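The block underneath contains the structure these notes are about, expressed in structure tokens.
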Amino acid sequence: MKNTLIFCAFMAFVSCADNTPAPAPVYPIPAPKQVAWQQMETYAFIHFGLNTFNDMEWGYGDTDPKTFNPTRLDTRQWASTLKEAGMKGVIITAKHHDGFCLWPTDLTDYNITHSSYNGDVVGELAEACREYGLKFGVYLSPWDRNRADYGSPSYVEYYHAQLRDLMTRYGDIFEIWFDGANGGDGYYGGARERRNIDRRNYYDFPRAWATVEELQPNAICFSDAGPGCRWVGNESGHVGATNWSFLRAAEVYPGYPNGDELFIGHADGDAWVAAECDVSIRPGWFYHESEDDKVKTPDDLQEIYYQSVGHNGTMLLNFPVNKEGLISQTDSINAVTFHQRITQELGNNLLLDAKVEASDIRGKRFAATQANDGDFESYWATPDDVNNGSLTFTFSQPQSVTRLLLQEYIPLGQRVKNFNVEYLHEGNWQPLALDEETTTIGYKRILRFPKVTTNALRVNFTDARGPLCISEVAAF
Ligand code: FUL
């Protein structure tokens with residue numbers, strides 16, 4: 001009897017065990033830190049500096065540092081507001097194009113110690129981030145309108161020294177912003193003269209990226225070209241419905257002029273460089289009193305979310321800190337309301353309890369149920385020679401649906417090239433009425449559509465760059 005029991009237990013174990021190998025990666029694939037970064041989904045930008053107090057966007061670098069005079073500066077107010085708005089981290093303009101440094105650095109006099117504020121805004125924000133569980137990042141403008149030597153080799157050395165300074169002072173950095181905007185066509189300093197630089201080579205960005213790799217190996221480098229993540233070609237917070245997380249690395253560089261390519265990525269790219277959608281909650285990046293009644297509404301922010309995170313990008317939402325040194329009330333209310341609405345809209349996944357069937361199964365480890373278990377790490381996969389297939393979800397009773405969320409298991413690459421969605425209507429499969437193309441998915445794709453009430457949904461993945469690896473499908 002005892003032996004029989006042991007034998008049965010052994011047989012049960014054998015039949016559950018499944019050694020089916022995972023699909024091979026389809027290159028390019030992201031580094032683990034790029035996956036972790038993309039999973040942050042929404043994070044904040046803070047633009048704050050001399051511009052804030054002088055009603056400017058691009059200071060000339062000759063503004064008196066004493067005009068920097070926040071009366072109630074409180075980085076904990078920023079952090080608590082951002083946390084409540086669902087932001088997972090924050091990137092601050094440690095130095096914008098005017099060259100003014102928000103931290104007390106020995107490398108230039110044009111810094112906060114010569115202002116009317118007695119403190120270290122960068123350090124205070126880093127501290128507040130630790131307290132509120134936010135990740136911390138910095139923007140360090142390569143273009144510098146204060147430096148007399150801008151355009152010559154000595155400025156480049158100064159820039160790289162600033163980078164080292166920031167990378168070693170404030171603990172872990174999750175992202176550093178290398179802005180492509182710079183001097184080719186701009187004005188400089190008090191003299192307001194123009195200076196031209198060789199945008200592609202002047203700053204020696206590969207050296208900067210190596211410094212970050214050395215001092216902050218978990219940080220993502222943002223630029224038009226990555227290598228961590230890429231600009232999306234606009235500042236309105238949206239990326240293409242078709243959005244490949246790849247670039248042809250040898251072609252793209254910071255300052256790259258072809259924003260339309262960055263908008264959809266290079267389908268045949270050889271480097272993983274996912275899209276980040278930057279946008280300000282007000283028209284300007286810096287605070288202007290005249291924009292107090294032009295703050296984006298929760299509706300505007302929701303639209304941006306669906307066209308950034310919902311299009312396989314991340315959403316980098318800027319808050320122009322005001323002259324008091326606070327995030328203004330309207331900005332804060334609108335951002336928090338936006339977050340509450342998104343959480344509510346995408347809060348109750350109707351597919352968690354649905355019955356799921358797949359057209360094809362690679363093996364038990366990769367069964368259809370892995371696609372609606374709410375766990376990104378487990379995924380449904382097809383056999384090696386099968387680059388298409390479908391998943392059918394059947395509800396126990398009719399459900400009303402307006403959103404569908406799809407995720408690929410991107411650690412093994414971005415694969416899907418084409419898909420469509422159907423719902424069961426009076427016994428027939430009908431296509432969902434969608435107002436955008438259903439090509440790529442990537443880390444996350446969210447579809448919005450007029451309400452359908454149905455017993456079943458079917459997703460047909462019609463073409464892919466390799467076997468399917470579908471991590472999640474959710475309906476709301
Ligand atoms: C741009 C800059 O020129 C703007 O001032 C702002 O910082 C934005 C985020 O990037 O390139």
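Atoms within a ligand are numbered from 1 in the order they appear, just like the ligands themselves. For clarity, every value in this text was computed on a predicted model and none was experimentally measured. We use all heavy atoms of the structure for the numbers below, so side chains are in, but hydrogens, waters and symmetry mates are not. This chain uses plain numbering: 1 for the first residue, then up along the sequence.
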Do you know which of Asp106, Asp120, Thr105 makes side-chain contact (heavy atoms from CB on, under 4.5 Å) with Asn111?
-> Thr105
Exercise: do [X] and [Y] side chains pair donor with acceptor under 3.5 Å:
{"X": "Tyr170", "Y": "Glu127", "value": "no"}
{"X": "Asp165", "Y": "Trp103", "value": "yes"}
{"X": "Glu472", "Y": "Asn349", "value": "no"}

What protein heavy atom sits nearest [atom], and how far away is it?
{"atom": "atom 3 (O) of ligand 1", "value": "His97 NE2, 2.8 Å"}
{"atom": "atom 1 (C) of ligand 1", "value": "Asp179 OD2, 3.1 Å"}
{"atom": "atom 7 (O) of ligand 1", "value": "His47 NE2, 2.7 Å"}

If you measure every N/O of Asp278 against every N/O of ligand 1, is any gap under 3.5 Å?
-> no
Looking only at distance, does Trp177 have an N or O less than 3.5 Å from an N or O of ligand 1?
-> no
Is there a heavy atom in Trp58 that sits closer than 4.0 Å to ligand 1?
-> yes
Please confirm whether Trp143 comes under 4.0 Å of ligand 1, counting heavy atoms of the residue only.
-> no
Report the C-alpha separation of Arg200 and Asp198 in whole Å, then their side-chain angles, then the decisive distance to 0.1 Å, and conclude whether the salt bridge (charged side-chain N to carboxylate O under 4.0 Å, His left out) test is met.
-> CA-CA 6 Å; Arg200 187 157 190 169; Asp198 167 2; over 6 Å; no
Test log, rule salt bridge (charged side-chain N to carboxylate O under 4.0 Å, His left out), inputs Glu41 and Lys444 | CA-CA 9 Å; Glu41 300 190 357; Lys444 189 170 273 190; 2.7 Å; yes
Let me see the working for Glu345 and Arg403 under salt bridge (charged side-chain N to carboxylate O under 4.0 Å, His left out), right down to the final yes or no.
-> CA-CA 8 Å; Glu345 280 185 18; Arg403 305 273 185 275; 3.0 Å; yes
Taking only heavy atoms of [X], which atoms of ligand 1 are found under 4.0 Å from at least one of them?
{"X": "Glu235", "answer": "1 (C), 8 (C), 10 (O), 11 (O)"}
{"X": "Tyr139", "answer": "7 (O)"}
{"X": "Phe45", "answer": "9 (C)"}

